[in-house]
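See below for the structure under consideration.
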Amino acid sequence: MEKGSCCDNNGLKKGVWTKDEDNKLRAYIQRYGHWNWNLLPKFAGVSRSGKSCRLRWMNYLRPNMKHGNFTEEEDNVIISLHNKIGNKWSTIATRLPGRSDNEIKNRWNAHLKKRVKDNQTLSRSEHIRALKPDLINLEVNLVKETNLELQDQEEDQIIYPIVSFESSSSSSRSFK
DNA sequence: AATTTCCGCAACCGCATAAAT
DNA sequence: CATTTATGCGGTTGCGGAAAT
């Protein structure tokens with residue numbers, strides 16, 4: 001049998017999706033759409049729960065999905081938004097075309113959380129100095145935009161995120 | 001070269017909310 | 001309105017490959 005294959009107590013397959021399952025699911029949804037996730041696997045010829053199918057589609061099979069290789073800009077968007085709204089992964093995902101909430105959550109937990117934590121002793125001005133100049137405008141605009149959309153805050157209450165760059169000098173972060 | 005530990009990622013689970021009956 | 005069923009979300013797990021020992 002294939003590695004990682006396993007069934008739940010209803011005999012439905014669990015674990016990693018095979019190429020064949022992907023093809024069946026993709027082919028079905030591209031032709032008929034997803035009108036009912038519970039019934040869909042039967043019609044698509046996939047022995048999975050509807051929930052599993054939905055997840056697979058949303059995270060991986062949907063058109064135009066990117067995978068891996070987050071750009072500095074994407075990381076900054078995640079950090080900025082997370083700083084502002086917390087673990088609202090699906091909301092954050094709406095700002096990153098081609099990225100699923102799941103992937104963003106993974107990115108945060110595996111990489112960005114630690115990076116931000118390591119820099120939490122930086123003051124706001126130190127944070128601003130730590131930003132690469134060409135990214136400051138992008139960053140500030142994004143944060144302003146987000147603050148406006150989400151809850152109409154006064155500009156001086158905007159919380160600026162803390163972002164580090166591997167290539168930047170450490171001189172600005174040696175004391176607090 | 002063999003074994004263990006680490007880590008990224010895909011997928012699962014439980015719960016909350018929405019929609020249907 | 002109450003109950004059931006479907007969907008969406010976020011926390012968490014565990015597999016498998018990479019790195020370390």
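Each chain gets a letter, A, B and so on, in the order the sequences are listed, and its residues count up from 1. All heavy atoms count here, side chains included; hydrogens, waters and symmetry mates do not. These numbers come from a predicted model, not from an experiment.
- Taking atom NZ of residue A:K88 and atom P of nucleotide B:dA16, one finds them 13 Å apart after rounding to whole Å.
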Task: Trace of the side chain to side chain contact (heavy atoms under 4.5 Å, CB included) decision for A:H34 with A:I29 - done: CA-CA 6 Å; A:H34 48 82; A:I29 294 178; 4.1 Å; yes
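- One donor-acceptor pair, N or O on each side, does fall under 3.5 Å between the base of B:dA11 and the side chain of A:N102.
- Under 3.5 Å, the side chain of A:K14 and the base of C:dG14 form no donor-acceptor pair of N or O atoms.
- There is no path of hydrophobic side-chain contacts, each under 4.5 Å, that joins A:L40 to A:L12.
- Put simply, CD1 on A:I78 is 14 Å from P on C:dG10, counting in whole angstrom units.
- Atom-to-atom, CG of A:N36 to C1' of C:dT5 comes out at 10 Å; the value is rounded to the nearest Å.
- The listed nucleotides are B:dA11, C:dC9, C:dT12; the one nearest the side chain of A:R54 is C:dC9.
- Classification of the A:H67-A:Y60 ring pair by plane angle, with boundaries at 30° and 60°, yields tilted.
- For the residue pair A:N59 / A:S100, a side-chain donor-acceptor distance below 3.5 Å is found, with atom types taken as modelled.
- Using a 4.0 Å heavy-atom criterion, one finds that A:N59 contacts no nucleic acid atom at all.
- Separating the CD atom of A:E103 from the P atom of C:dC9 is a distance of 16 Å, rounded to the nearest angstrom.
- Considering only side-chain N and O atoms, A:R48 lies under 4.0 angstrom from the phosphate OP1 or OP2 of B:dC12.
- Rounded to whole Å, the distance from CH2 on A:W35 to P on B:dA20 is 15 Å.
- Of the candidate nucleotides C:dG11, B:dG8, B:dC13, C:dG11 has the atom nearest to the side chain of A:W89.
- Side chain A:N106 to base B:dA10: a donor-acceptor pair is found below 3.5 Å.
- The phosphate of C:dT5 has neither OP1 nor OP2 within less than 4.0 Å of any side-chain N or O from A:N38.
- Rounded to an integer number of Å, the gap from A:K13 NZ to B:dA10 P is 16 Å.
- When rounded to the nearest whole Å, the span between CG of A:N69 and C1' of B:dG8 equals 13 Å.
- Note that A:R107 lies outside the cation-pi zone of A:W89, set by a 6.0 Å cut-off to the ring centre and a 45° limit from the axis.
- If you check distances only, the side chain of A:K105 does reach the base of C:dG11 with a donor-acceptor pair under 3.5 Å.
- Rounded to an integer number of Å, the gap from CZ of A:R107 to C1' of B:dC9 is 12 Å.
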